[in-house]
Amino acid sequence: MKSLVVLHASQLITLAGPKRPRVGAEMSELAIIRDGGMLIREGKIEILGSSEEVAKNARDVEIIDADGRVVLPGFVDAHTHLIFAGNRLDDFERRARGETYEQIAKAGGGIWSTVEKTRAASSEELFNQAQTHAEWFLRCGTTTIEAKSGYGLTVEDELKILRVMQRLNEEKPLEIVPTFLGAHAVPRELDVNEYIDLLIDEMLPRMSKEKLAEFCDVFCEHGYFTIEQSRGILTAARQLGLGLRIHADQLSNSGAAQLAAELKATTADHLEKTDERGIAAMKSAGVQPVLLPGSVYALGSTAYPHAREMLDAGLAVVLATDFNPGSSPTPSMPMILSIACTRMKMSPAEAITASTINAAYSLNRGGKIGSLERGKLANFSIFDCEDYRELAYWFGIPQTHSVYVKGERVHR
Ligand code: NIG
Ligand code: FE
């Protein structure tokens, strides 16, 4: 592996700081080095500092001149539904005509329509589609994603999806952290209790035995899985050693944030309808909220989660795309930064902390990625701007100049 040095970043956004997720005022501290540089050996960061200091150590190395651009750790996207077949263009058009997500699902669109297509697709087809989408993430400056299964809903189809993730993770530069979301919906051919038995007795043990998932997630929502049912599934998952994440309070406040707290889940995700009781429960249990404003935006809703209350309560907020064909067809973290700042009143610095170091901790990888610090992986992006706030400010225009994973250029 070759060594390289990056010089002359207008702002080297390091996010160096305490070795834990950042809260409160810490979320505004990006630890910026002006005219910064870093030396990379064996895919890891060895030296960071001013370009002048770093250049002194740069013998026999490839030089990358950032030429006055911003350099940022690779974004960490802690909530995606990467693997699916087809798209949901018809749903999209129906929503544009005024139908709701729930109405469309009842009328034959929604998650179920993607399940049918995903079941019919071969592993190769799923791999090819996911590979294209994995490249979209890199193109937007994201170098690690969490990815959920959940469009198979049979033992074999869920395994097929998780194996596609595993292969993609092994063969391509985008790092993928796998989550088993068998409890994404109840398959049409079973009643809910039969399906939960299948999940607990067959699916979870298979995933765990083949080490295909690090986390288990449940869509806890009316018409999907109740609090009781979610508790049962997640408790079984925890006994197998999986970390827990929950799709919580997205469309209605069912107390799922409190369930996340009770189970000491790593994250509670969505939280559009969560109130102050849910926020207090997450705070006392150390649950990280994962906010997904892309799905609120794309569903044409204005019910954004109460990010400011969560930040003020001292929660270690995470931002993610929720990339999926139905409610959030975007792989773009810069787009999420824009929505977070304009709709949820997060500052650009808070939004960047939420989409890098805090996201890394929510995937148990805070010691390895999410900031640019000595010993961490050299996963970073160079953006065509001088000030990090431009990432959230200009929207709808790609500003990515180049992207690196373990010191290797993976985009442009
Ligand atoms: O996170 N809420 C459930 N799951 C996805 C949507 C999945 C779909 O519509 O296909 C979400 O928004
Ligand atoms: Fe989701």
Side-chain angles (χ1 to χ4, degrees), residues 77-95 99-119 121 126 129-130 133 145-153 157-158 161 177-187 215-225 230 233 244-254 256-257 260 265-274 289-301 303-305 318-331 336 339 359 362-363:
D77 191 341
H79 184 135
T80 84
H81 302 253
L82 179 72
I83 312 288
F84 55 86
N87 58 48
R88 296 259 281 284
L89 287 168
D90 294 336
D91 293 19
F92 178 65
E93 192 167 350
R94 286 167 88 149
R95 269 205 311 281
E99 287 180 57
T100 66
Y101 186 72
E102 291 93 330
Q103 283 168 338
I104 293 166
K106 279 211 181 83
I111 292 174
W112 185 252
S113 63
T114 300
V115 169
E116 286 181 321
K117 290 193 194 109
T118 306
R119 284 180 177 180
L126 290 177
Q129 182 166 348
H133 294 159
I145 67 168
E146 180 262 17
K148 302 171 195 300
S149 68
Y151 291 115
L153 311 185
D157 289 303
E158 287 292 306
I161 290 168
V177 180
T179 293
F180 172 59
L181 176 59
H184 194 195
V186 181
F215 292 94
C216 180
D217 191 345
V218 172
F219 187 16
C220 183
E221 184 62 57
H222 289 304
Y224 295 85
F225 298 89
S230 303
I233 297 162
L244 309 183
R245 316 179 87 81
I246 308 184
H247 276 71
D249 306 335
Q250 179 184 10
L251 307 170
S252 60
N253 184 358
S254 59
T266 306
T267 67
D269 302 42
H270 276 289
L271 306 171
E272 283 85 336
K273 298 290 160 65
T274 302
V290 180
L291 307 183
L292 309 165
S295 65
V296 182
Y297 168 85
L299 290 175
S301 161
Y304 287 94
V318 177
L319 283 169
T321 61
D322 195 16
F323 177 73
N324 77 72
S327 65
S328 194
T330 182
I336 299 304
I339 309 174
S362 86
L363 297 176

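Heads up: numbering here begins at 1 and tracks the sequence. Treat the numbers as computed from the prediction; the structure is a model and nothing was measured. In listed order, ligands and their atoms are each counted from 1.
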Kindly assign one of parallel, tilted or perpendicular to the pair His184 and Tyr151, based on the angle between their ring planes and the thresholds 30° and 60°.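 The arrangement is perpendicular - the two ring planes meet at more than 60°.
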Could you see which bit of Tyr151 sits under 4.0 Å from ligand 1, with heavy atoms only: side chain, backbone, both or neither?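 The side chain, only.
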Just heavy atoms, cut-off under 4.0 Å: does His247 contact ligand 1 by side chain, backbone, both, or neither?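 The part of His247 near ligand 1 is the side chain, not the backbone.
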Do any N/O/S atoms of His270 come under 2.8 Å of the Fe ion (ligand 2)?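 No, since none of the N, O or S atoms of His270 sits under 2.8 Å from the Fe ion (ligand 2).
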Please confirm if an N, O or S atom belonging to Asp269, backbone or side chain, lies less than 2.8 Å from the Fe ion (ligand 2).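 So Asp269 does not bind the Fe ion (ligand 2) by this criterion.
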Identify the heavy atoms of [X] and [Y] that sit nearest to each other, and give their distance.
X      : Y      : result
Pro289 : Leu271 : CB-CD1, 3.4 Å
Asp217 : Thr179 : CB-CG2, 3.6 Å
Glu221 : Leu251 : OE1-N, 3.0 Å
Ser113 : Gly108 : CB-O, 3.5 Å

Residue [X] vicinity, atoms of ligand 1 by number, heavy atom under 4.0 Å:
X      : answer
Asn324 : 5 (C), 6 (C), 7 (C), 8 (C), 9 (O), 10 (O), 11 (C), 12 (O)
Asp322 : 1 (O), 11 (C), 12 (O)
Arg88  : 8 (C), 9 (O), 10 (O)
Ile111 : 7 (C), 8 (C), 9 (O), 10 (O)

Can you check whether Thr114 has an N/O within less than 3.5 Å of an N/O in ligand 1?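 It does not: no N or O of Thr114 is found under 3.5 Å from an N or O of ligand 1.
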Please check whether Ser295 reaches ligand 1 - meaning an N/O of the residue sits under 3.5 Å from an N/O of the ligand, judged on distance alone.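 No; every N/O pair is 3.5 Å or more apart.
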So between Gln250, His270, His184, whose heavy atom ends up nearest atom 2 (N) of ligand 1?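 Of the listed residues, Gln250 has the closest heavy atom.
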Polar side chain donor-acceptor pair, His270 to Asp249, under 3.5 angstrom: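 Looking only at side-chain atoms, Asp249 and His270 do not form any donor-acceptor pair under 3.5 Å.
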Knowing that exactly one of Asp91, Asp90, Leu89 qualifies, which makes a side-chain contact (heavy atoms from CB on, under 4.5 Å) with Asn87?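 The option that passes is Leu89.
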Ring centre gap for His79 and Phe215 strictly below 6.0 Å: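 Centroid distance His79-Phe215: not below 6.0 Å, so no.
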Proximal heteroatom of Asp322 relative to the Fe ion (ligand 2) (N/O/S):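 Looking only at N, O and S atoms of Asp322, the one nearest the Fe ion (ligand 2) is named OD1.
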When you measure from atom 9 (O) of ligand 1 to every protein heavy atom, which one gives the shortest distance, and what is it?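 For this ligand atom, the closest protein heavy atom is Tyr101 OH, 2.4 Å.
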Give me the residue, atom name and distance of the protein heavy atom closest to atom 12 (O) of ligand 1.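 The protein heavy atom lying closest is Ser327 OG, 2.6 Å.
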For Phe225 and His247, run ring-ring contact (aromatic ring centres under 6.0 Å, His included): C-alpha distance rounded to whole Å, both residues' side-chain angles, the deciding distance at 0.1 Å, then the answer. CA-CA 10 Å; Phe225 298 89; His247 276 71; over 10 Å; no
